[in-house]
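Each remark here refers to the structure printed beneath this line.
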Amino acid sequence: MVLLNQEDALNQTFLFLADVSDRLRDATITAGNTASTITTYCGFFGGPGTSGQLVTVNCVPGVIGRHVKIQIRTEFLTLCEVDVFVIPL
């Protein structure tokens with residue numbers, strides 16, 4: 001989970017750099033205002049990722065939140081870096 005400094009519009013771009021890239025598949029990105037309300041759909045990456053790939057996922061317009069979650073359901077997920085780009089409200 002990524003915690004932003006403040007609530008912002010998340011309709012820009014998310015960037016992922018996968019450590020174990022072939023595990024990065026069927027990743028769902030959600031957002032919310034609190035850790036318990038991270039349910040607003042933001043985007044999806046079907047994958048699988050490839051070695052050294054930088055994956056860009058554009059969030060659907062209008063999503064606002066402070067907490068961002070990247071989740072896969074099949075295995076554990078290892079990410080080297082997650083950058084969240086926002087448009088300040």
Side-chain angles (χ1 to χ4, degrees):
M1 181 172 62
V2 177
L3 176 62
L4 304 174
N5 288 332
Q6 63 187 27
E7 182 181 291
D8 281 313
L10 304 175
N11 57 357
Q12 282 265 207
T13 306
F14 294 87
L15 301 175
F16 306 82
L17 184 59
D19 181 18
V20 185
S21 55
D22 62 338
R23 289 192 189 132
L24 185 59
R25 66 176 76 221
D26 299 327
T28 302
I29 299 92
T30 53
N33 291 326
T34 67
S36 61
T37 62
I38 306 176
T39 58
T40 303
Y41 177 81
C42 190
F44 181 80
F45 175 70
T50 58
S51 181
Q53 179 182 9
L54 185 62
V55 177
T56 302
V57 178
N58 291 318
C59 189
V60 297
V63 175
I64 295 174
R66 184 169 181 221
H67 297 259
V68 179
K69 180 168 65 173
I70 301 105
Q71 182 175 5
I72 62 173
R73 299 197 184 274
T74 55
E75 297 182 55
F76 58 91
L77 178 61
T78 303
L79 299 174
C80 291
E81 182 178 342
V82 176
D83 295 319
V84 178
F85 294 89
V86 300
I87 299 173
L89 294 175

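Not measured: the values here are computed from a predicted model.
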Quiz item: Under a 4.5 Å cut-off applied to non-hydrogen side-chain atoms, are Asp26 and Phe44 in contact?
Solution: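 The answer is yes; the side chains approach within 4.5 Å.
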
Quiz prompt | By side-chain hydrogen bond (donor to acceptor under 3.5 Å, both in side chains) - contacts of Thr34 (at least two apart) | solution =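 In terms of side-chain hydrogen bond (donor to acceptor under 3.5 Å, both in side chains), with neighbours along the sequence ignored, Thr34 is linked to Ser36, Thr37.
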
Straight-line distance of [X] [atom1] to [Y] [atom2], nearest 0.5 Å:
X: Thr30; Y: Lys69; atom1: OG1; atom2: NZ; answer: 4.5 Å
X: Asn33; Y: Ile64; atom1: CG; atom2: CD1; answer: 8.0 Å
X: Ile29; Y: Ile38; atom1: CD1; atom2: CD1; answer: 13.0 Å

Mind listing the closest non-hydrogen atom pair of [X] and [Y] along with its distance?
X: Ile70; Y: Ala27; value: CG2-CB, 4.4 Å
X: Val63; Y: Ala31; value: CG1-CB, 3.8 Å
X: Tyr41; Y: Val60; value: O-CG2, 3.5 Å

